[in-house]
Number of protein chains: 2
Amino acid sequence: MPQPRTSDPQRPTRGRRARKVSGDERERAILATLERLLEERSLHEISIDDLARGAGISRPTFYFYFASKEAVLLSLFERMLGEAQATRGDTLNRLAEDPAARLREALGAFFEAFRSRRAVTLAGADAQASSAEVREVWGHVMEAWVAEAAAAIEAERARGAAPPGVAARDLAISLLSMNERVFHTTFARQQPSIAEDDVLDTIVSVWLHAIYGTATPPAAGA
Amino acid sequence: MPQPRTSDPQRPTRGRRARKVSGDERERAILATLERLLEERSLHEISIDDLARGAGISRPTFYFYFASKEAVLLSLFERMLGEAQATRGDTLNRLAEDPAARLREALGAFFEAFRSRRAVTLAGADAQASSAEVREVWGHVMEAWVAEAAAAIEAERARGAAPPGVAARDLAISLLSMNERVFHTTFARQQPSIAEDDVLDTIVSVWLHAIYGTATPPAAGA
DNA sequence: GAGTGTATCAACACAGTGTCGACTGGCTCA
DNA sequence: TGAGCCAGTCGACACTGTGTTGATACACTC
């Protein structure tokens with residue numbers, strides 16, 4: 001049985017010129033095909049045969065590259081989450097500089113990262129229902145964001161800018177859960193949902209009130 | 001082709017004594033079987049054959065009662081949502097009496113309604129990914145809650161208990177979305193999630209701060 | 001020029017879905 | 001009382017999608 005290749009990038013690419021069509025190109029073709037098809041229909045309306053044909057290979061050959069279509073989605077999803085991480089930076093750690101502005105910046109970066117890959121975001125969220133693996137990846141990413149947000153909340157409480165209240169971690173989970181679900185319904189254009197242009201204003205307001213009790217918390221210099 | 005029966009209760013039950021096993025009993029047996037199996041595994045790990053066997057009938061006979069397993073879930077889901085509506089009452093309309101207490105009451109009723117039917121709640125939420133029909137039912141229910149919550153927020157702003165802010169409807173959507181997702185991760189015992197005992201305290205606190213800017217808003221009499 | 005690893009696919013086995021057509025057995029009304 | 005109706009039932013089939021097997025090709029290595 002051929003081992004499905006992991007997307008491990010340091011696989012040794014053997015000497016000089018690659019074959020007409022290399023394995024990496026095929027892998028990328030499969031990923032691109034899924035991303036394209038997800039713009040039109042949901043993962044469970046896409047068959048492995050669709051992906052294989054889209055990448056110009058047969059169904060058994062598909063299995064040489066990925067173990068399942070969920071695995072393809074997972075790869076796409078992980079890439080996107082990596083990008084989301086990268087663009088966001090450490091904005092939350094510098095909350096004290098100007099809470100309202102920094103928070104808007106951080107939440108805006110998330111929003112933008114997900115918005116720019118709408119189809120993958122939605123499919124990834126939906127796939128959590130059916131794939132324990134997707135659930136686990138998402139759980140790890142969320143865990144990191146929760147820890148970061150909780151630390152930021154505690155720091156703001158410590159410097160007296162935010163009043164004490166419910167456990168910082170629980171608050172962070174609540175607010176991030178809100179983001180997650182609000183983004184999802186907005187991107188899916190479900191009813192009821194918030195208009196794309198109003199999402200950021202609304203969630204920033206909730207974050208500020210939930211953490212500081214006011215929409216205009218004090219900056220560190222003030 | 002036999003018409004799949006709706007769960008329409010006023011179907012005429014013909015004269016005197018019912019047959020050994022009536023159609024209604026079968027229908028109830030299918031619903032009960034799904035609810036039982038959902039405690040152990042997810043909808044897409046349950047086949048129509050499982051449901052049929054569980055109800056003591058063959059697979060083709062299943063189709064006499066329901067058009068698909070999603071339809072069975074939908075029936076279960078709608079019943080549960082109906083109960084959630086019923087137990088909650090009009091608490092949100094009486095927010096002014098004592099905002100913190102009434103809000104806790106209203107959110108507590110929701111939490112309890114969903115908690116008591118954990119398996120159906122989780123399966124219903126998951127099925128939104130794959131079934132437009134489930135999505136639509138959930139959308140309608142949410143829409144009603146959003147309208148009610150938005151009206152309550154506007155009333156509190158009108159009486160001066162809550163400060164003005166982002167659109168009441170958008171705020172209502174955000175807060176209800178938070179509930180939805182927080183409940184889901186808690187019931188599914190995903191990581192990260194809020195402990196079952198802390199959920200109510202946490203979300204009530206966010207609602208109060210987001211609407212009133214404080215955890216101790218004034219009652220109407222005060 | 002034999003051997004190894006990558007890449008490929010036709011053909012198969014299988015699981016689940018949905019449908020068709022035939023059958024049963026109680027009930028109604030002529 | 002017996003012809004006809006109808007809710008209810010299921011064996012058998014066709015179809016779709018999944019995952020595996022085994023054989024093959026090709027490039028590059030030693």
Side-chain angles (χ1 to χ4, degrees), chain A residues 1-30 33-34 37 41-73 127 130-131 133, chain B residues 1-30 33-34 37 41-73 127 130-131 133:
Chain A
M1 168 179 39
Q3 288 282 327
R5 311 194 322 185
T6 63
S7 41
D8 188 3
Q10 74 268 21
R11 181 158 15 90
T13 22
R14 207 173 317 73
R16 47 213 95 203
R17 222 72 283 290
R19 259 172 252 69
K20 253 201 299 223
V21 182
S22 81
D24 283 334
E25 270 174 85
R26 245 78 214 252
E27 198 172 310
R28 263 181 276 117
I30 294 172
T33 301
L34 179 57
L37 293 181
R41 47 196 211 268
S42 72
L43 186 66
H44 82 273
E45 291 165 331
I46 297 169
S47 72
I48 289 180
D49 208 46
D50 292 333
L51 296 180
R53 281 171 193 283
I57 54 176
S58 71
R59 209 159 47 76
T61 301
F62 168 91
Y63 287 102
F64 183 80
Y65 294 99
F66 293 96
S68 65
K69 59 186 181 182
E70 279 76 21
V72 185
L73 176 62
S130 48
S131 161
E133 228 174 332
Chain B
M1 170 177 43
Q3 287 282 328
R5 310 196 323 185
T6 64
S7 41
D8 188 3
Q10 74 267 22
R11 182 156 17 86
T13 22
R14 207 171 318 70
R16 46 213 97 203
R17 220 76 282 288
R19 259 172 253 67
K20 254 201 298 226
V21 183
S22 80
D24 283 334
E25 269 174 85
R26 246 79 215 249
E27 197 173 312
R28 262 182 276 120
I30 294 172
T33 301
L34 179 57
L37 294 181
R41 47 196 211 269
S42 73
L43 187 65
H44 81 273
E45 291 165 333
I46 296 170
S47 72
I48 289 180
D49 208 44
D50 292 334
L51 296 181
R53 280 171 194 284
I57 53 176
S58 71
R59 209 159 47 74
T61 301
F62 168 92
Y63 287 102
F64 183 79
Y65 293 100
F66 294 97
S68 66
K69 60 186 181 182
E70 279 76 22
V72 184
L73 177 62
S130 50
S131 161
E133 226 174 333

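A note on names: the letters A, B, ... follow the listed sequences, proteins ahead of strands, and every chain is numbered from 1. Just so we're clear, the structure is a prediction, and the values are computed from it rather than from any experiment.
In this structure, Phe66(B) places its CZ atom 14 Å from P of dG18(C), rounding to the nearest Å. Whole-Å rounding puts the Phe62(A) CZ to dG17(D) C1' distance at 13 Å. Nucleotide dA10(C) holds its P atom 10 Å from the CZ atom of Arg53(A), rounded to whole Å. Atom NE2 in His44(B) sits about 13 Å away from atom C1' in dG16(C), given to the nearest Å. The interatomic distance linking Asp49(B) (CG) with dA15(C) (P) rounds to 12 Å, in whole Å. Whole-Å rounding puts the Glu70(B) CD to dG16(C) C1' distance at 13 Å. Computed from coordinates, the Ile57(B) CD1 to dG11(D) C1' distance equals 15 Å when rounded to whole Å. Rounding to whole angstrom units, CG of residue Leu51(B) and P of dG18(C) are separated by 12 Å.
The environment of Arg41(B) atom CZ is dense: over 12 non-hydrogen atoms of other residues, nucleotides or ligands sit within 6.0 angstrom. For Glu133(A), the CD atom is loosely surrounded, since the number of other residues' heavy atoms within 6.0 Å does not exceed 12.
OP1 or OP2 of dT18(D) has at least one side-chain nitrogen or oxygen of Lys69(A) nearer than 4.0 Å. Between Thr61(A) and the phosphate of dC9(C), there is a side-chain N or O to OP1/OP2 separation shorter than 4.0 Å.
Within the nucleic acid shown, Ser47(A) comes within 4.0 Å of sugar-phosphate atoms alone, with no base atom in reach, counting heavy atoms only.
Nearest nucleotide to the side chain of Tyr63(A), out of dT18(D), dC9(C), dG18(C): dT18(D). If you check dA7(C), dC20(C), dC9(C) against the side chain of Phe64(A), the one that comes closest is dA7(C). Which of dA7(D), dT18(D), dC20(C) sits closest to the side chain of Ile48(A) comes down to dT18(D). The Tyr65(B) side chain lies nearest to dG8(D) when the options are dG8(D), dT21(D), dA7(C).
Two residues are said to be in side-chain contact when any heavy atoms from C-beta on lie closer than 4.5 Å; Ile48(B) and Phe66(B) fail this criterion. Between Leu43(B) and Leu34(B) the shortest side-chain heavy-atom distance falls below 4.5 Å.
Residue Arg59(A) places a side-chain atom within donor-acceptor reach of the base of dG19(D), judged by atom type and a 3.5 Å distance cut-off alone.
Using a cut-off of 4.0 Å between Lys/Arg side-chain N and Asp/Glu carboxylate O, Asp49(A) and Arg53(A) are scored as salt-bridged.
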